2 protein chains.
Amino acid sequence: MIKLEALRVFVTVAESGNIKDAADAVGRTASAVSMTLKQLEDEIGGPLFQTDRKNSLTALGNLMLDLGREQIRSFDKSVSIMRAFAHSRIGSLSIASVPSVATNVLPPILQRFLQTRPQVQVELFDIDSAQVRRMVESGVADIGIAGESRTGGAVEFTPLFSDRFKLLCKDDHDLCRLERPVKWSDLNGATLIRNGASDRIEAADYKQLSALSLITVYNVTSLVAMVKAGLGLTILPSLTMHDAHEGVAALDLADATASRRVGLVERRDVPPSPVAAAFRAFALKEIPAIVAERLGT
Amino acid sequence: MIKLEALRVFVTVAESGNIKDAADAVGRTASAVSMTLKQLEDEIGGPLFQTDRKNSLTALGNLMLDLGREQIRSFDKSVSIMRAFAHSRIGSLSIASVPSVATNVLPPILQRFLQTRPQVQVELFDIDSAQVRRMVESGVADIGIAGESRTGGAVEFTPLFSDRFKLLCKDDHDLCRLERPVKWSDLNGATLIRNGASDRIEAADYKQLSALSLITVYNVTSLVAMVKAGLGLTILPSLTMHDAHEGVAALDLADATASRRVGLVERRDVPPSPVAAAFRAFALKEIPAIVAERLGT
DNA sequence: TATCAATTTCAGAAGAATTGAAGTGAGCGC
DNA sequence: GCGCTCACTTCAATTCTTCTGAAATTGATA
């Protein structure tokens with residue numbers, strides 16, 4: 001069986017024109033190189049050099065030099081691609097994230113993640129928690145970032161951080177003058193605008209209030225606009241409102257249980273690609289810190 | 001260093017879905033295959049299979065299967081090209097030959113030579129001895145077939161056959177009634193047409209006759225036409241006149257030294273390509289027999 | 001023709017791959 | 001839930017391959 005290593009030795013000899021230099025170049029003795037060449041000639045079935053001074057090739061030698069060079073080049077390139085992929089320097093990464101994280105947390109995270117991986121291709125989908133789970137489950141996204149839910153079936157949840165809900169209201173609202181965390185009871189009689197995130201709050205008092213609400217808005221920008229326009233108040237995770245909005249105030253809630261847990265969503269059965277695994281580790285290490293900083297904790 | 005052989009084992013395992021079958025396929029034990037795989041994973045830097053049941057690949061495994069298959073395919077193809085070339089099943093062969101051999105001898109020779117080498121590309125140049133030597137010397141032709149000459153410099157001559165000269169005259173010429181080989185003295189007073197081949201005859205008697213000749217024709221067809229038209233007689237090698245011409249007769253010459261030696265012309269310093277070497281051996285073995293048959297010896 | 005350097009040859013040494021047996025662990029039927 | 005089975009892995013011994021260093025050979029050069 002002809003080995004690629006033998007071709008490598010042959011090409012080196014053909015290029016240096018003598019065995020001694022080639023032997024130095026490949027880190028063997030001249031006798032080892034000589035034997036390799038002899039064996040190669042036997043296996044191919046013809047002489048590669050015109051004389052045993054290795055400075056001129058036969059027609060067969062020329063052909064083998066061309067083909068051999070190409071094989072070596074192509075093999076080495078393949079191996080380097082394999083290694084780069086294994087070490088997550090290349091590959092593609094599809095992330096599905098809830099908007100609050102996509103907007104407030106992922107930009108610096110991705111920026112730093114890609115700094116050492118300039119060749120990695122990233123796709124980011126900005127969708128709600130339920131769809132995040134669906135995209136991960138179907139394999140469209142490699143990894144998801146979403147609120148916790150009863151971990152059903154194929155996807156697994158790993159918590160990243162907790163995010164307390166706050167009350168969002170016009171900054172001239174009566175509640176702004178309370179100077180203490182808002183209790184659910186403070187909201188009796190107020191008009192509440194529901195949204196996708198706040199529906200996750202389990203507190204019975206909140207559920208009662210929420211049941212009376214007539215408006216539900218899923219898009220955060222629209223929601224804030226509604227509040228600003230004086231249509232009512234709403235409850236949102238802190239991170240969602242991280243960027244201060246003109247004319248609206250974010251008030252702390254007294255109920256410490258009113259918080260969502262945000263974490264990574266991954267398929268349980270399918271192992272992540274190297275890039276996804278690297279991103280997972282990076283996210284677990286870096287996201288909590290970024291969130292803490294953003295929320296001013 | 002990653003070896004192509006390791007990729008070969010990996011691809012086999014990935015394709016059979018388990019180690020035992022793959023081990024049978026590559027002719028190793030399962031433990032050898034397992035160790036090869038482990039080593040490959042270490043060198044690449046990541047796992048290739050999802051579990052230690054080898055029936056599902058990781059993303060890295062899939063990449064390596066694709067790249068590995070391609071590398072193996074390409075390497076094997078290169079090796080087979082090298083072998084085919086070494087065994088002269090492929091390659092190109094450029095032959096320069098004097099017309100008499102090109103016309104009368106080479107067709108059946110080449111036909112049989114190529115029968116077992118259908119992929120070999122052949123070029124045939126039909127030119128005079130001096131040009132044959134020049135083409136071989138310059139490397140344009142791999143091998144030449146020409147009359148002998150003082151073997152000068154870079155080319156070497158290997159005799160193939162001898163070819164006696166004959167006298168060519170109109171079939172109603174007086175000489176046709178001699179009923180014995182023609183002597184040089186029989187030609188006194190006759191009009192002789194010189195040609196490229198007959199100029200090689202060394203006999204002093206002939207040289208005298210030839211010196212008196214006023215016409216020289218190099219092309220055989222024209223030469224025969226001249227003879228047929230009654231312009232004179234000429235001296236040509238038997239093989240050149242092998243095909244009988246209407247209205248002209250080819251008479252034996254008494255002078256046994258009036259013959260040319262035809263042989264192979266090759267470069268002395270440059271080794272022949274495998275196809276050229278194969279043709280050389282074939283020609284040395286087959287051409288004398290064909291010539292003997294053609295000349296009815 | 002003698003000399004010198006490059007190459008080849010050879011036997012032993014070093015290193016790598018392979019084997020067979022024992023061990024591990026996941027999946028499956030009882 | 002227990003133990004069986006099958007597939008894979010691990011380990012130490014063995015075998016096979018490749019390498020080395022010394023000596024012999026070869027070819028070029030003076």
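Residue numbers begin at 1 in each chain, while the letters A, B, ... track the order of the sequences. Worth saying up front: this structure is predicted, and the values here are computed from it rather than measured.
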Can you check the [X] [atom1] to [N] [atom2] distance for me, whole Å?
X        : N      : atom1 : atom2 : result
A/Asp24  : C/dT7  : CG    : P     : 11 Å
B/Leu37  : D/dA7  : CG    : C1'   : 13 Å
B/Glu5   : C/dA16 : CD    : P     : 17 Å
B/Asn55  : D/dA7  : CG    : C1'   : 10 Å
A/Asp269 : C/dG27 : CG    : P     : 13 Å
B/Ile19  : C/dA26 : CD1   : C1'   : 15 Å
A/Met1   : D/dT17 : CE    : P     : 14 Å
A/Lys20  : C/dT7  : NZ    : P     : 9 Å

message: Here's one to test your reading of the geometry: is the NZ or CZ of B/Arg8 within 45 degrees of the ring axis of B/Phe10 and under 6.0 Å from its centre?
response: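 Here B/Arg8 fails the 6.0 Å and 45° test against B/Phe10.
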
What's the closest nucleotide to the side chain of [X] if the choices are [options]?
X       : options                : value
A/Arg28 : D/dT10, D/dT20, D/dT18 : D/dT20
B/Ser34 : C/dT7, D/dT9, D/dT20   : D/dT9
A/Met35 : C/dA17, D/dA7, C/dT9   : C/dT9

- request: State whether A/Lys54 places a side-chain N or O below 4.0 Å from either non-bridging phosphate oxygen (OP1 or OP2) of C/dT8.
  value: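 So the side chain of A/Lys54 is within the cut-off, an N or O lying under 4.0 Å from OP1 or OP2 of C/dT8.
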
- request: Taking only the side-chain nitrogens and oxygens of A/Lys3, find out if one of them lies under 4.0 Å from OP1 or OP2 of D/dT17.
  value: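 For D/dT17, OP1/OP2 do not have a side-chain N/O of A/Lys3 under 4.0 Å.
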
message: If you assign each of A/Ser31 and A/Arg53 to its closest nucleotide in DNA chain C, which residue comes earlier from the 5' end?
response: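 Per heavy-atom nearest nucleotide, the more 5' residue is A/Arg53.
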
Under-4.0 Å salt bridge between B/Glu15 and B/Arg69: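 Salt bridge between B/Glu15 and B/Arg69, a charged N being under 4.0 Å from a carboxylate O: yes.
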
- request: State whether the number of non-hydrogen atoms from other residues, nucleotides or ligands found under 6.0 Å of B/Gln121 atom CD is greater than 12.
  value: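 Count not over threshold, so no.
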
field: side-chain hydrogen bond (donor to acceptor under 3.5 Å, both in side chains) partner of B/Arg260, chosen from B/Ser162, B/Ser129, B/Ser100
entry: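 Between B/Arg260 and the candidates, side-chain hydrogen bond (donor to acceptor under 3.5 Å, both in side chains) is satisfied uniquely by B/Ser100.
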
- prompt: What does B/Gln39 touch in the nucleic acid at a heavy-atom separation under 4.0 angstrom: a base, only the sugar-phosphate, or nothing?
  reply: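 Contact class for B/Gln39: sugar-phosphate only.
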
- prompt: When the aromatic ring centroids of A/Phe75 and B/Phe75 are compared, is their separation below 6.0 Å?
  reply: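 Centroid separation for A/Phe75 and B/Phe75: 6.0 Å or greater.
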
